[in-house]
Amino acid sequence: MKKQIHLNGFIQNSPSPHSTGLWKHEKDQGTSHNSLAYWIETAKTLERGKFDAMFIADVLGTYSVYENSHDAAVRGAVQLPAHDPVIPISAMAAVTEHLGFAPTISTTYAQPYSLARQLSTLDHLTGGRVAWNVVTSYLESEAVNLGLSGRLPKELRYDRADEFLQVAYKLWEHSWEDDAVVYDKENDTFADPGKVHPINHEGEFFSVPGPHLVEPSPQRTPVLFQAGSSPKGRDFAAKHAEAVFTKNHSLDGLKLYTSDIRRRAEEQGRNPAELLIFPMILPIIGSTEEEAYAKYEELTNHVSYEGTASLLSGHTGIDFSQFDPDQYIEDIETDAMQGNLDMYGKDPNKRWTLREAIKNHGLGNGTVKFIGTPEQIADEIERWAVEGDADGFNIAQTYSPGTFTEFVDQVVPELQKRGIYRTEYEGSTLRENMFGRGRRHLPADHPAKKLVPVHS
Ligand SMILES: Cc1cc2nc3c(=O)[nH]c(=O)nc-3n(C[C@H](O)[C@H](O)[C@H](O)COP(=O)(O)O)c2cc1C
């Protein structure tokens, strides 16, 4: 059997969040992100295309590094308005049966006790179709609005995230036993108190006695997604994540990433093949190659320089208003998103000027573009999966949800024809669709399973 690929749809509760300025395009409906109809249509489209999940990115602040102001972000709708990623999920779950949902939630600002409850509730309501994109957040504007005097240093953010997950694992995996709920009407007992345990977590960042507020949900722990790219972020992903997202310009860049992250997973005592790797791609589809490239140029015309400069400044933590557009972007360390800076400062194939980086970053947040006919795009997908060792792809959009619709109608049938993509969902939970039937829960080699419960 040929290597099978998985697909996620990359979206955010904001107008044209990943292609800056595309809200102006005649085909874009992203400005309707404040309506349930938009989410319902998008979810149904992804399920028609047999996608594993809708991956919903999120930020809790404005992009205000550029010119030390949020004005450019406000003017250009740069991930602003930024609506909540979790709230549309119940409505989408009601109109779909198989599609998973992966909201982004920050361990720097949430509390594990309440977040565990929220995601367990959603896992119940969706019948086991929830994932969590675990982020530590990178914007200063998030920190100062959420009770901190400034952005925490990256090391500390990841240390907190690590303990956050330990607390959440204890609640999800070790608080309620499988048979705790007995529904015993004769003995007036809904659940057996001897099988609902406190977790008594005492750590550096959190003190959580428990017990968990929700009885075991179909998956217990939601599927864990992560996208760390700094060394500390990669170690964190290799330890905890079941799937990782990455952004690359080139197949060579992807190869370096996949071999590195699988090595790190092995060092953590995990099966490296079970860490699914999803590079992000932006498909630009035409009926001929020429048409696709003409479409790319036309889409690029909608990208705003200032809006994208503001996005890139927020992603990298560098105020690019201070730069000459023809200045080269250097290889330095950042406390914001290392991967976004490395794409331009560490590219082995090219030195990027700011102007070039902005042109690139404006469509699909700078990720690789697959431009061509459906067959050519399927060729590239196959090549990146086989040579780059990718397990799936995170599909970004130019105009929304039209990019998904075109991909589902034109590229998905081509992938299915080649025998590299499902024609039916494998299981009923998201984890089963990603890892195979019967795999509702985390595997035994995952750190959540190795925690020794306090009550044992
Ligand atoms: C494809 C992709 C999507 C991401 N989505 C988000 C997001 O929605 N919200 C967020 O705060 N960070 C997001 N990130 C950032 C990372 O998860 C990570 O927290 C950030 O890159 C900083 O850590 P690092 O320097 O280790 O990468 C994303 C990164 C990538 C590559």
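Counting starts at 1 for both ligands and their atoms, following the listed order.
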* Determine yes or no for a side-chain-to-main-chain donor-acceptor pair under 3.5 angstrom, with K2 supplying the side chain and R418 the backbone. =>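 Yes; at least one donor-acceptor contact below 3.5 Å.
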* Would you check if the side chain of R262 reaches a backbone N or O of L275 as a donor-acceptor pair within less than 3.5 Å? =>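 A pair under 3.5 Å: yes.
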Quiz question: by atom type and distance under 3.5 Å, do the side chains of [X] and [Y] form a donor-acceptor pair?
X    : Y    : result
S321 : D319 : yes
E163 : H201 : yes
H212 : S120 : yes

* What heavy-atom pair brings H249 and D347 nearest, and what distance separates the two atoms? ->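 Of all heavy-atom pairs spanning H249 and D347, the closest is CD2-OD2, 3.5 Å.
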Close N/O pairs between ligand 1 and protein, under 3.5 Å:
{"from": "ligand 1", "atom 1": "8 (O)", "to": "D58", "atom 2": "N", "distance (Å)": "2.9"}
{"from": "ligand 1", "atom 1": "8 (O)", "to": "D58", "atom 2": "O", "distance (Å)": "3.4"}
{"from": "ligand 1", "atom 1": "9 (N)", "to": "D58", "atom 2": "O", "distance (Å)": "2.8"}
{"from": "ligand 1", "atom 1": "23 (O)", "to": "Y158", "atom 2": "OH", "distance (Å)": "3.0"}
{"from": "ligand 1", "atom 1": "25 (O)", "to": "K154", "atom 2": "NZ", "distance (Å)": "2.4"}
{"from": "ligand 1", "atom 1": "25 (O)", "to": "Q338", "atom 2": "N", "distance (Å)": "3.0"}
{"from": "ligand 1", "atom 1": "26 (O)", "to": "Y158", "atom 2": "OH", "distance (Å)": "2.8"}
{"from": "ligand 1", "atom 1": "26 (O)", "to": "S229", "atom 2": "N", "distance (Å)": "3.2"}
{"from": "ligand 1", "atom 1": "26 (O)", "to": "S230", "atom 2": "N", "distance (Å)": "3.0"}
{"from": "ligand 1", "atom 1": "26 (O)", "to": "S230", "atom 2": "OG", "distance (Å)": "2.6"}
{"from": "ligand 1", "atom 1": "27 (O)", "to": "S229", "atom 2": "N", "distance (Å)": "2.8"}
{"from": "ligand 1", "atom 1": "27 (O)", "to": "S229", "atom 2": "OG", "distance (Å)": "2.6"}

